[in-house]
Structure formats: structure tokens, C-alpha cells
Amino acid sequence: MYKTHFGLREMPFGITPDTSFAYASRTHQEALNTLLVAVKNGEGFLKITGEVGTGKTLLCRRFLATLDPSHVSAYIPNPYLEPRTLLFALAFELRLAVPRDADQHILLKELSRGLLNFARQGKTVVLCLDEAQAMPVETLEALRLLTNLETEKRKLLQVVLFGQPELDHKLEGDSVRQLKQRITFQHRLTALQPDEVEEYVAHRLRVAGYRGERLFSRAAVRRVRRWSGGVPRLINVIAHKALLLAFSEGVQVVRPEHVRHAVADTPAARQHEPWRWFGFALVVLSAGSLGWLVLL
């Protein structure tokens with residue numbers, strides 16, 4: 001690819017969540033701080049939402065990597081599961097021996113015993129569920145029942161839901177209103193701020209090993225910012241394609257036209273097309289006070 005051409009150690013704009021490339025934007029750092037404080041305080045349910053591509057999975061991995069040995073973590077990336085299967089998945093993550101033919105009652109009993117054992121060891125169990133908007137309502141309810149377990153001091157299980165905004169809509173339903181009341185901390189991830197986009201691009205290039213002069217011209221970065229809407233995943237896609245185009249031309253600087261062609265090949269980026277007002281003329285009839293605003 002273009003690594004040798006630009007003096008890179010690795011590809012800087014992959015779309016796979018990689019904590020080594022994590023950029024501490026304001027919204028991500030606030031969310032991470034919220035999670036760490038809430039878990040330390042022993043809260044039951046926490047919720048992180050954000051649009052597609054804003055870095056929820058990356059935040060989840062950063063959070064899990066930050067937990068100290070006093071925590072036992074479980075991660076379920078696809079919770080589109082029936083209640084019994086979700087409980088099996090949790091037992092597997094916690095390395096609990098549960099009979100394969102166990103019904104939901106037995107599963108809950110064995111999970112309760114396992115959580116109590118962790119509590120006796122002074123350990124806090126944290127379950128992270130990615131793509132939580134896909135969870136069936138009955139599975140959410142089974143999860144709530146599991147979090148009923150507690151000692152006099154704290155909950156035996158803390159749950160962090162990571163999901164798209166559709167999760168908020170699902171939690172508006174009457175059947176899960178008890179769960180919604182238990183969500184004590186929440187945060188909404190947003191796109192990068194305009195001043196963060198250039199820092200983000202430079203950060204990923206630096207982590208990938210780039211040490212040369214400015215690789216993306218300022219005008220090129222402005223176009224990346226404009227057409228990505230500040231969404232990290234879209235920034236990565238556009239920047240990667242722009243680098244490919246610069247490499248194919250044998251040049252060392254990404255220019256605005258490279259970004260323009262990259263955007264043309266990225267339908268999701270074109271959804272962020274900026275409004276372009278080319279001008280207007282205000283025509284006022286001399287015979288009266290009535291006028292029209294005519295867009296040119």
C-alpha cells in the first residue's frame with residue numbers, strides 16, 4: 001500500500017477499533033471519566049449512546065483496559081440474544097461452570113452464586129454490552145432481574161449499555177420502565193469538534209509512525225472536517241482514500257482535490273454535504289413595498 005511511500009509503520013486510518021490509536025477527544029474523555037466514577041461508586045446501570053461511527057466500541061475497549069485487577073469484566077459484543085442465551089454468555093465470560101441443559105432458573109441461581117463469590121473476594125463484576133439497541137425487550141428485563149442481586153453495601157453486578165440512539169427509544173417502552181429508572185449515569189457521544197479534527201488526523205499519523213512535514217494540507221483537512229461532519233469513522237475512511245490517491249500520483253502531500261475524489265467514492269460522507277449559498281438578490285418593486293428573495 002502506501003506505508004513505505006509516506007514513511008509509516010502501519011496503516012493510520014483503519015476502521016477497526018484499536019485502542020493504540022485512541023484520541024482523547026472531549027466527548028470521549030468525559031464519557032470515560034463518567035464510567036470510571038460510576039463504577040467506583042457501585043452504580044447498577046450505566047448507558048453510553050452515540051451515532052454510528054462516533055467510537056462507542058473503542059470507548060468500551062478503553063474502559064475495559066482501564067479497569068484495575070479489583071474488577072472482573074465481561075464483554076458481550078452482540079447482545080441480540082434471547083434471555084437464556086444471554087445468561088449463558090455471561091456465565092461463559094465469567095468462567096462459571098453451568099450445565100448446558102440448565103433452564104433460566106438454574107442459570108440465574110448459578111450466576112448469583114458466582115457473583116457472590118466474586119464479592120467475597122472483594123471484586124466488582126462489570127458487564128459491558130455493545131450494540132445494546134439490538135437487545136430484545138425480554139432480554140433487557142432478564143438483565144434487570146439479575147442486577148437485583150446486591151449486598152448491604154453494593155450491587156453484585158454493574159452493567160454498561162453501549163448503543164445507538166435507538167436504545168433510548170427502546171427504553172421509552174412501558175415494559176422496561178423499571179430498567180430505565182435504574183440508569184443512574186449516562187453520556188451521549190458526539191462527533192469531534194471542528195478544532196479537534198486536525199488534531200485527530202495528526203494524532204493517528206503520529207501513532208502510525210509518521211515523522212515528516214505536514215502530510216494533509218490545511219485546505220485538505222478543512223474538507224475532511226466538512227464532509228465527515230466530525231464523525232471519526234468517516235474521517236478515517238476519507239483520509240485513507242485520500243492517501244491512496246496521493247500515493248497513486250506519487251506526491252507527498254494530500255491536497256483538497258484528493259479529499260474531493262475520496263468523498264465522491266464515499267456515499268456516507270456525502271450525507272454531510274454542506275449547504276452552499278452562492279448568493280442572493282433582493283428584488284424590491286418600486287411601485288410598492290412587496291419584495292421577493294431570489295436565490296441565485
Side-chain angles (χ1 to χ4, degrees), residues 1-18 20-23 25-28 49-59 131 133 164-166 188-281 293-296:
M1 296 287 279
Y2 51 68
K3 289 192 294 183
T4 302
H5 179 75
F6 293 114
L8 297 164
R9 230 182 8 255
E10 55 186 312
M11 305 301 286
F13 296 108
I15 59 173
T16 302
D18 184 343
S20 66
F21 280 93
Y23 169 71
S25 67
R26 287 190 284 274
T27 184
H28 266 246
T49 55
E51 285 291 349
V52 175
T54 51
K56 296 181 294 298
T57 300
L58 180 59
L59 173 65
E131 302 294 344
Q133 77 282 347
Q164 296 172 21
E166 290 83 354
R188 180 73 174 267
L189 290 180
T190 58
L192 299 180
Q193 295 299 311
D195 64 309
E196 293 179 313
V197 174
E198 183 163 6
E199 294 176 8
Y200 176 84
V201 171
H203 168 78
R204 293 193 70 103
L205 288 169
R206 189 165 53 251
V207 173
Y210 185 71
R211 295 297 181 268
E213 299 295 326
R214 172 182 283 273
L215 184 49
F216 280 72
S217 71
R218 286 188 172 83
V221 172
R222 284 196 296 271
R223 287 203 174 189
V224 171
R225 181 177 64 219
R226 178 188 304 166
W227 292 95
S228 68
V231 176
R233 185 180 297 166
L234 285 179
I235 294 173
N236 289 359
V237 171
I238 295 170
H240 171 63
K241 292 179 179 179
L243 282 172
L244 279 174
L245 290 164
F247 166 64
S248 68
E249 293 180 4
V251 299
Q252 295 293 329
V253 176
V254 176
R255 300 189 300 267
E257 56 266 30
H258 298 135
V259 177
R260 178 168 57 82
H261 290 303
V263 168
D265 189 56
T266 309
R270 295 204 297 272
Q271 295 176 6
H272 292 274
E273 180 175 6
W275 289 98
R276 297 180 180 276
W277 297 91
F278 294 98
F280 63 88
L293 185 66
V294 181
L295 294 178
L296 299 179

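No hydrogens or angles considered: a donor-acceptor pair under 3.5 Å links the side chains of D18 and S20.
Atom CZ of R218 sits in a sparse spot, with 12 or fewer heavy atoms from other residues, nucleotides or ligands closer than 6.0 Å.
Side-chain contact between F216 and V253: absent, with no pair of heavy atoms (C-beta onward) separated by less than 4.5 Å. T54 is listed as a side-chain neighbour of E51, based on a closest heavy-atom distance under 4.5 Å. Looking at heavy atoms from C-beta onward, L189 lies out of side-chain contact with T49 at the 4.5 angstrom threshold. Taking the side chain as every heavy atom from C-beta outward, S217 and R222 never approach each other to under 4.5 Å. Counting heavy atoms from C-beta on, the side chains of P12 and Y210 never come closer than 4.5 Å.
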_I'd like to know whether E199 forms a side chain to side chain contact (heavy atoms under 4.5 Å, CB included) with Y23, so could you lay out the CA-CA distance, the side-chain angles of the two residues, the decisive distance to 0.1 Å, and finally the verdict._
CA-CA 9 Å; E199 294 176 8; Y23 169 71; 2.6 Å; yes
*Take K241 and H258, measure what side chain to side chain contact (heavy atoms under 4.5 Å, CB included) needs, and give me the verdict at the end.*
CA-CA 8 Å; K241 292 179 179 179; H258 298 135; over 6 Å; no
*Evaluate the criterion side chain to side chain contact (heavy atoms under 4.5 Å, CB included) for residue pair L215 and L243; output intermediate values, then yes/no.*
CA-CA 9 Å; L215 184 49; L243 282 172; 3.8 Å; yes
*Could you walk me through whether R211 and R206 pass side chain to side chain contact (heavy atoms under 4.5 Å, CB included), step by step?*
CA-CA 7 Å; R211 295 297 181 268; R206 189 165 53 251; 3.8 Å; yes
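Between the OG atom in S25 and the CG atom in L192 there is a gap of 5.5 Å [rounded to 0.5 Å]. To the nearest 0.5 Å, atoms CD (E198) and CZ (R214) are separated by 4.5 Å. Taking CG of L245 as the reference point, atom CZ of R255 lies at 10.5 Å (rounded to 0.5 Å). With rounding to the nearest 0.5 angstrom, the CZ atom of F21 is 4.0 Å from the CD atom of E10.
Contact detail for I238 and A262: the closest heavy-atom pair is O-CB, 3.6 Å. Across A191 and G229, no two heavy atoms sit closer than the pair CB-O, 3.3 Å. The shortest heavy-atom contact between F6 and V251 is CE2-O, 3.6 Å. Scanning all heavy atoms of the two residues, the minimum distance from R233 to I15 falls at CG-CG2, 4.2 Å. In plain terms, the two heavy atoms of A269 and V263 that are nearest each other are CB-CG1, 4.3 Å. Minimum heavy-atom separation, T57 to P17: CG2-CG, 3.8 Å.
No donor-acceptor pair under 3.5 Å is formed between the side chain of Q133 and the backbone N or O of E166. Panel note: side chain E249, backbone A246; no donor-acceptor pair is recorded below 3.5 Å. In this structure, the side chain of K56 engages the main chain of G50 through a donor-acceptor pair within 3.5 Å. Checking side-chain atoms of T266 against main-chain N and O of A268 turns up no donor-acceptor pair under 3.5 Å. Side-chain N or O atoms of H203 include one that pairs as donor or acceptor with a backbone N or O of A22 at under 3.5 Å.
With respect to R223 and E257, no salt bridge is recorded, no charged nitrogen being found less than 4.0 Å from a carboxylate O. Ion pairing between a basic and an acidic side chain is recognised when a charged N comes within 4.0 Å of a carboxylate O; D195 and R26 show such pairing.
Between Y2 and H240, the ring centre distance stays below 6.0 Å.
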